[in-house]
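Okay, structure first, notes after.
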Amino acid sequence: GVTGTLKILPKCQLNVLESWYKIQKFYSIPSVYGKSRREKLGTKVVKTDNHFTEICSSIKTQIDRNKPVIIFFPTIDMVNNFYQSREFENLKQNAMTLTEKNDHDATKSRIIRATNSRAITVLTKAFGRGIDFIVREKLQVGGGLHVIQTFISEEQSEEIQIEGRSARQGSQGSYEMLISEDELKNVSLDFQDVDGKNPQKVG
């Protein structure tokens with residue numbers, strides 16, 4: 001298999017590969033596409049009341065550059081809450097949602113449309129793994145797909161996979177985390193401890 005998360009799998013998952021699938025040797029080689037062209041914008045921790053406002057501000061910055069944007073939330077309810085929020089109202093014109101409730105045809109169509117210029121897709125973390133968001137060459141030159149993660153992943157492999165939806169196969173792209181202070185409380189972390197990223201705490 002080919003995966004960017006093999007090196008950081010927890011021991012229990014490695015045990016499954018070894019005992020269930022009889023995989024005894026693991027090799028890690030550099031990507032055939034060379035060094036990643038992904039721009040990492042870092043992590044911001046914001047006051048919970050301002051969370052949606054900060055996400056919308058970031059979206060606006062990126063679509064003003066004609067970039068497509070995808071925003072990952074952990075649950076369908078949170079996708080719907082953000083999509084229906086007052087803060088997001090002025091950005092809905094170019095927006096759509098993508099969740100596990102969409103049927104096969106709708107899912108396929110929305111994945112394709114997600115990388116159109118200025119497209120905004122609000123989706124669940126289930127689509128952070130294994131989905132190839134293909135960005136046309138013209139938009140790659142302009143900076144490619146921008147990914148916003150709005151929560152802290154329980155597993156590092158999930159975060160790497162979500163980040164990896166941008167700048168795929170040598171393309172350009174960008175990634176950032178925008179999380180609320182309440183999110184840190186839910187996982188018993190101080191904002192200084194967010195995965196060693198030295199996050200910026202704002203408003």
Once rounded to the nearest 0.5 Å, what's the spacing between atom [atom1] of [X] and atom [atom2] of [Y]?
X	Y	atom1	atom2	answer
Lys67	Gln172	NZ	CD	8.0 Å
Lys92	Asn90	NZ	CG	10.5 Å
Leu17	Leu14	CG	CG	6.0 Å
Asn94	Ile63	CG	CD1	6.5 Å
Ser85	Ile55	OG	CD1	8.5 Å
Met96	Ile120	CE	CD1	10.0 Å

Quick one: are [X] and [Y] in side-chain contact, heavy atoms under 4.5 Å?
X	Y	answer
Ile76	Glu100	yes
Ser180	Val45	no
Arg129	Ile131	no
Phe72	Ile148	no
Ile70	Thr115	no
Thr97	Arg110	yes
Thr150	Ile179	no

Next item on the list: With sequence neighbours left out, write down each residue that passes side-chain contact (heavy atoms from CB on, under 4.5 Å) with Asp105, or none if nothing qualifies.
Entry: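 Asp103.
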Next item on the list: With sequence neighbours left out, write down each residue that passes side-chain contact (heavy atoms from CB on, under 4.5 Å) with Ser117, or none if nothing qualifies.
Entry: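 Partners of Ser117 by the side-chain contact (heavy atoms from CB on, under 4.5 Å) criterion, ordered by chain and then number, come out as Asn66, Leu139.
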Checklist line | Between Ser153 and Glu158: side-chain donor-acceptor atoms closer than 3.5 Å | finding: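 Judged by distance alone, the side chains do pair up.
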Next item on the list: Taking atom types as modelled, find out whether Arg113 and Thr121 have a side-chain donor-acceptor pair closer than 3.5 angstrom.
Entry: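 Result is no, nothing qualifies.
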Margin query: Looking at Glu18, I want to see if its CD is surrounded by more than 12 non-hydrogen atoms of other residues, nucleotides or ligands under 6.0 Å.
Written below: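 Enclosed: over 12 neighbouring heavy atoms sit under 6.0 Å from CD of Glu18.
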Margin query: Could you check whether atom NZ of Lys101 has more than 12 heavy atoms from other residues, nucleotides or ligands sitting under 6.0 Å from it?
Written below: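 No, not enclosed.
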Checklist line | Pairs meeting criterion ring pair (Phe, Tyr, Trp, His ring centres under 6.0 Å) with involvement of residues 77-121, two or more places apart | finding: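 Qualifying pairs: Phe52-Phe82, Phe73-Phe82, Phe82-Phe88, Tyr83-Phe88.
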Item checked: Listed once per pair and sorted, the ring pair (Phe, Tyr, Trp, His ring centres under 6.0 Å) pairs that draw on residues 126-157, sequence neighbours left out ->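 As it turns out, there is no ring pair (Phe, Tyr, Trp, His ring centres under 6.0 Å) pair with a partner in residues 126-157 once direct neighbours are skipped.
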Notebook entry, point to check: Looking at residues at least two apart in the chain, or sitting in another chain, which of them share a side chain to side chain donor-acceptor pair (under 3.5 Å) with Ser58?
Noted result: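 Here the qualifying residues are Glu176.
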Notebook entry, point to check: Can you name the side chain to side chain donor-acceptor pair (under 3.5 Å) partners of Thr75, sequence neighbours left out?
Noted result: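 For Thr75, no residue satisfies side chain to side chain donor-acceptor pair (under 3.5 Å) once neighbours in sequence are set aside.
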Notebook entry, point to check: For the residue pair Ile162 and Gln149, what are the closest heavy atoms and their distance?
Noted result: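 In terms of heavy atoms, the two residues are closest at CG2-OE1, 3.7 Å.
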Note to self: Do the side chains of Glu163 and Lys40 get close enough for a salt bridge, i.e. N-O under 4.0 angstrom?
What the structure shows: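 A salt bridge is present here (some side-chain N lies under 4.0 Å from a carboxylate O).
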Checklist line | Polar side-chain atom of Arg165 near backbone of Gly128 as donor-acceptor pair, under 3.5 Å | finding: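 Flag set: sc Arg165 to bb Gly128 pair under 3.5 Å.
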